[in-house]
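Chain naming here is simple, since letters A, B, ... match the order of the sequence lines and numbering starts at 1 in each. This structure is a prediction, so every number in the text was calculated from the model and none was measured.
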Protein chains: 2
Amino acid sequence: MIEKKKKYHHGDLKEQLVESVRQLIESHGPDGWSIAEACRSAGVSTAAPYKHFKDREEILHEVILSGMRRMGEAMQAAADAYPAGDPERIVALGKSYIDFARSEPGIFALMFGMAGSRIEAPKLTEEGRGKFAIVIRVVAEHMGRSQDDPAVNARAYALWCAVHGHSFLALDGKADKTEITVSEDDYLHLVGAAFLPPTKTD
Amino acid sequence: MIEKKKKYHHGDLKEQLVESVRQLIESHGPDGWSIAEACRSAGVSTAAPYKHFKDREEILHEVILSGMRRMGEAMQAAADAYPAGDPERIVALGKSYIDFARSEPGIFALMFGMAGSRIEAPKLTEEGRGKFAIVIRVVAEHMGRSQDDPAVNARAYALWCAVHGHSFLALDGKADKTEITVSEDDYLHLVGAAFLPPTKTD
DNA sequence: TTGACTTTGTTAGCGGTACTAACATATGTG
DNA sequence: CACATATGTTAGTACCGCTAACAAAGTCAA
């Protein structure tokens, strides 16, 4: 019975490299990784990755993309946990966003800080669009309006910004250690109430 | 008449290196710079910077710090352009924030994306605190309450998050090219009105 | 089965980068 | 002027991204 007999061909190198890089990013920061180090942890030579990726940036894209998919699933799950119209649904959606940022701060920073900046990756922007679509849909259902309604769009965007802004500021300790006294839960409810007054019935 | 006769001593290397790095960051992205390249543009050897900075990170700190100071001044100037209580004052403050993010996207990303992450720089967090203090003060004056009032704190924080979130999302083109239809001006007024209702008089 | 083709590894090496050590030159102060 | 200090240089180390040339393993049809 060969458990992990050293094979010449790794068998699953591409995915393992992505996972190794992900771990390195979480433990040493968005820039605290190298192809060489990921290779070491995967037990292959430093040239091996180039059979699967064009360059460093392409590896990073894959890592970010996997993060976006995880985040999208978390948001979807959070929204599904409450019925349409329940104000807590919006709050839960925001919480899932923030929770992801807190549990995977390195990837989160890369996803939205654009690390290398000016990344021209259609797949990434497409994934981002998909996540905004979730917010749009939840807001539309909450307000009982069409997803195309400008008011829905504006409020969904405002919610996104408020949640995203808090996520970012909370990460660096900007929110904890300065003079901010409002709790996260209170903040989320304040924001939800501000942009989605429950009196909306027309 | 010696204009720029090659002197052995540069005379102002420290500041010029910071400026060179700043330019490189704006033209090639937050990670698109190297000490070597900055040295080339300053006309010195690659070892020269180490007489002024401990390492790469310390150079970056200085660059980020200078950006924070510029941003703080811009915010202060924007707030000073309107009298206390004028709702446009809040909007102008938010605009100045966004304008800075747009005019210096590279530095902005580093300031809040924490690029290298986990930067333990008291001077940086202190500068950040100072900028939040501006918002607190403006909101307190607007609401006619003390700066210590929890309601002031919560609203100031919400405004900060909303503006910061928009700045970040707007930079990567996430806000322009997706289905977001609300204009920036409308967004700012919506946010301002949501958190600072003009009916506040008690 | 076998033998060609493809895939996925390897080693060796190039050029670029951060940083250090040892040395050289300018500046300022008694 | 003499000497200490500040600020530059050259030379060298170690690491990294990436490529080229080669080797082993998997695939598939005759």
Side-chain angles (χ1 to χ4, degrees), chain A residues 2-25 27-64 106 110 115-119 121, chain B residues 2-25 27-64 106 110 115-119 121:
Chain A
I2 33 168
E3 275 289 353
K4 282 279 179 178
K5 199 74 163 273
K6 260 209 183 157
K7 300 189 305 180
Y8 187 89
H9 283 87
H10 184 285
D12 193 28
L13 184 55
K14 186 167 182 178
E15 276 189 28
Q16 176 163 349
L17 281 175
V18 170
E19 173 60 16
S20 295
V21 170
R22 193 191 68 77
Q23 287 176 0
L24 285 172
I25 287 173
S27 58
H28 300 103
D31 295 335
W33 66 282
S34 65
I35 298 176
E37 206 162 344
C39 287
R40 249 168 265 136
S41 100
V44 295
S45 73
T46 63
Y50 295 92
K51 300 295 177 178
H52 300 275
F53 304 96
K54 182 172 134 270
D55 56 12
R56 193 177 197 274
E57 188 176 301
E58 195 169 293
I59 300 177
L60 195 56
H61 274 206
E62 213 68 41
V63 175
I64 294 175
L110 288 173
S117 165
R118 70 205 63 209
I119 298 186
Chain B
I2 32 169
E3 275 290 353
K4 283 278 179 176
K5 198 73 162 272
K6 261 208 185 158
K7 302 188 303 181
Y8 189 89
H9 283 86
H10 183 284
D12 193 27
L13 183 56
K14 187 168 182 178
E15 276 189 27
Q16 176 163 349
L17 282 175
V18 169
E19 173 58 17
S20 294
V21 170
R22 194 191 66 77
Q23 288 176 359
L24 286 173
I25 286 172
S27 57
H28 300 102
D31 295 336
W33 66 282
S34 66
I35 298 175
E37 206 163 341
C39 287
R40 249 167 264 138
S41 101
V44 296
S45 73
T46 62
Y50 296 91
K51 300 295 176 180
H52 301 275
F53 303 96
K54 183 173 132 271
D55 55 13
R56 194 176 198 274
E57 188 175 302
E58 195 168 294
I59 300 178
L60 195 56
H61 274 206
E62 213 68 42
V63 174
I64 293 174
L110 288 172
S117 165
R118 69 206 62 210
I119 298 185

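- The distance from atom CG of B:Leu13 to atom C1' of D:dT7 is 9 Å, rounded to the nearest whole Å.
- Computed from coordinates, the A:Lys54 NZ to D:dG17 C1' distance equals 13 Å when rounded to whole Å.
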Side chain to side chain contact (heavy atoms under 4.5 Å, CB included) evaluation trace for B:Ile59 with B:Leu17: CA-CA 8 Å; B:Ile59 300 178; B:Leu17 282 175; 5.6 Å; no
Please evaluate residues B:Ser20 and B:Gln16 with respect to the criterion side chain to side chain contact (heavy atoms under 4.5 Å, CB included), reporting the C-alpha separation (whole Å), side-chain torsions for both, the decisive distance (0.1 Å), and the verdict. CA-CA 6 Å; B:Ser20 294; B:Gln16 176 163 349; 4.0 Å; yes
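- Atom-to-atom, CG of A:Leu24 to P of D:dG17 comes out at 11 Å; the value is rounded to the nearest Å.
- Candidate nucleotides C:dT20, D:dC18, C:dA22 were compared by shortest atom distance to the side chain of A:Arg56, and D:dC18 ranks first.
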Working note: B:Arg56 + B:Trp33, criterion side chain to side chain contact (heavy atoms under 4.5 Å, CB included); need CA distance, chi angles, decisive distance, verdict. CA-CA 10 Å; B:Arg56 194 176 198 274; B:Trp33 66 282; 3.5 Å; yes
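- Between A:Gln16 atom CD and C:dG9 atom C1' the separation is 14 Å, expressed in whole Å.
- Following rounding to the nearest Å, A:Lys51 (NZ) and C:dT11 (P) show an atom-to-atom distance of 13 Å.
- The side chain of A:Tyr50 lies closest to D:dT19, out of D:dT19, C:dA18, C:dT8.
- The shortest side-chain heavy-atom distance between A:Lys14 and A:Phe53 falls under the 4.5 Å cut-off.
- The side chain of A:His52 contributes no N or O atom lying less than 4.0 Å from OP1 or OP2 of C:dT7.
- Dashed line: the shortest gap from a side-chain N or O of A:Ser45 to OP1 or OP2 of C:dT11 is not under 4.0 Å.
- For the pair B:Ala48 and A:Ala47, nearest-nucleotide mapping onto DNA chain D gives the more 5' position to B:Ala48.
- Note: CG (B:Asp12) to P (D:dT7) measures 11 Å, nearest angstrom.
- The separation between B:Asp55 atom CG and C:dT20 atom P is 8 Å, rounded to whole Å.
- Rounded to an integer number of Å, the gap from B:Phe53 CZ to C:dT20 C1' is 18 Å.
- The side chain of B:Arg40 places no N or O atom within less than 4.0 Å of a non-bridging phosphate oxygen (OP1 or OP2) of C:dG16.
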CA sep, side-chain torsions, deciding dist, call: B:Val18, B:Glu15, side chain to side chain contact (heavy atoms under 4.5 Å, CB included): CA-CA 5 Å; B:Val18 169; B:Glu15 276 189 27; 5.7 Å; no
